[in-house]
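Letters A, B, ... mirror the listed sequences (proteins, then strands); counts begin at 1.
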Amino acid sequence: MIDIPSADAPVDAPRGRVLLIEDEPNIATAIGFLLQREGWRVSTHSDGRTALDAVVRHAPDVIVLDVMLPGQSGFEVLGGLRAGQNGTRADLPVLMLTAKGQTKDRDRAEALGVSRFMTKPFSNRELIEAVRDLARTAPG
Amino acid sequence: MPRSIPTGSRIRERRLALGRKQTAVAGTVGISPSYLNLIEHNRRAIGGSLLSRLATALETDRAALAEDGDEALIEELRAAAGAQQNNEAEFDDAPDLARRFPHWAGLIAAQARALAAQARTIEALSDRLSHDPTLADAMHELLSTVSVVRSTASILAQTPEIDANWLGRFHANLDADSRRLADGAEAVVGLFDRQAARGADRMLPSETVSRFLDDAGHRFDVLERDGVAAVPDLVGGLTGEDARVLATEILTGDAEDASRLPRALVEAADGPDDLIAAAGGDLALVLRRMGVVDPGRGLVICDAAGALLRRKPVAGFPLPVMGAGCPLWPVYTALGQPGRPLTVVVETPDGADWRVHAIAQAVAVAGFGAAPVIRATMLLTRTQSGGAGAPVGPGCRVCPRIECPARREPSVLSTRPDMLDMVDLTGDTLPRS
């Protein structure tokens, strides 16, 4: 778990919760900072194997999921999530991040039911807008 | 000419118009008169280079002879149009194009072929990029780091009011990540450098060792002096663990041979027979020592499968770098009669004579009832026999003896008579001492 000091966020009007599943601490720090500043409550998790437990524990509105994770890849986490494993909400919006912009990664993520796919390096604005869009179109 | 006249009939018509005989025309293009007769009566399909040759022989162009232009060319034109996903109906005049502008049509077809070949190359390269795990990992690392640097740098640039806590943290991250980025970039460059230098990596361990031994002339003074202790230093510079293991095995054997049959004795001997007693009757040892010590002699060692384990070439008797040798070599004859020492004279294609000593014997005996490991050794020494030598070659691929009954594969020389001439010429000018 990465400790993110609170940013100057509008705490009284939180947009919702984002769970950031990413093992690269500096990326997690940067993304965490950005989303917090936009009014999100951000939790981070860095292990693929226990990611679904973290989803249950944090009950996020949006998940930002990296493909390369220790223990279990982001694809497997996404598959488990969409199958409702561990009692997770199967329809949670998931934004997947990968450094491999290859079509087969994208195809695989789409086949598994990813909500949105983004390749690194991305711009901060792109990421923030993607998370906002996903939360808006999320069911329930 | 109307399109309905078949190609064969056109050929016949043209030949008769020129007043040429079937036999003469057939001879010119290299087919039998009866085959030409079948063609002329439209009972054999014709196209490709034969049609071109016939056109030349009949002093016309192939489009004038072909019933519908050149079918193969038309097919290629249609494929070229199809590859560009054009409306096929607009291209149904391909036969007209091929007939009226055969050279332009040929150009289109050639360009379509080149495009297809390039597409295959690109596919192979991109396939390699996505399947080269080292490259993929290095690129992934690089992109991840670029991503952090970009995000962090934009945060710093766009958040002037950022608090000191965060500022310190992002600066530290940026410092660490920019170093990682530099290392990652270096790693990728290193990877490409290695791939560029992969010429050496592509060699099999046996090729690496062969080249290493050949460069030294198979002769290592330090082994004669210091024995096995000198081996690790000698093989240390070789690329690849497998190559070093293989070279160690060979040089250890050489060092042991050297201690069993010292160089001074070998250099004093006129021929292998002089050394048999000193070698304790180990004939293969005698041949190996003479082969290694004397730069004027060649040495070949093979296993029971005929695979060449050691090949020390000698000027005038080239040995193939890859694959088996010439099936007529006495080293293979020896394999058929293990334990029987052979001495014969052979003649290489250039007319040079060689005295060959050969012996096949067990190198390892596991015990009674167990099959021995047999190796055959052959020593090559230049001699003169006045044409009494049995013909041998350097290995089929580079052997000009086209009619050889033992030939296993075509010679690269067989289709190039100019090179064959060169080989004969070389033979005539070689000194025969």
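Listed by first and then second residue, the salt bridge (Lys or Arg N to Asp or Glu O under 4.0 Å) pairs that reach into residues 63-74 of chain A are A:Asp66-A:Lys120, sequence neighbours excluded.
Checked against ring-ring contact (aromatic ring centres under 6.0 Å, His included), B:Phe170 has the following partners two or more places apart in sequence or in another chain: A:Phe33, B:Trp166.
Here the CG atom belonging to A:Asn124 is positioned 5.0 Å from the CD1 atom belonging to B:Ile155, to the nearest 0.5 angstrom. To the nearest 0.5 Å, atoms OG (B:Ser147) and CE (A:Met118) are separated by 10.0 Å. Here B:Asn173 contributes atom CG and A:Glu24 contributes atom CD; the two are 9.5 Å apart, rounded to the nearest 0.5 Å.
Residues B:Ser151 and A:Ile27 fail the side-chain proximity criterion, which asks for heavy atoms closer than 4.5 Å.
Using modelled atom types, no side-chain atom of A:Asn26 and backbone atom of B:Val148 make a donor-acceptor pair closer than 3.5 Å.
More than 12 heavy atoms of other shown residues, nucleotides or ligands fall within 6.0 angstrom of atom CD in A:Glu110. Under a cut-off of 6.0 angstrom, the local environment of CD in A:Glu129 is crowded, with over 12 non-hydrogen atoms contributed by other residues, nucleotides or ligands.
Among B:Thr152, B:Leu174, B:Thr159, the residue making the largest number of heavy-atom pairs under 4.5 Å with chain A is B:Thr159.
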Handout entry: Working for side chain to side chain donor-acceptor pair (under 3.5 Å), residues B:Ser154 and A:Arg125
Key = CA-CA 10 Å; B:Ser154 328; A:Arg125 176 171 304 281; over 6 Å; no
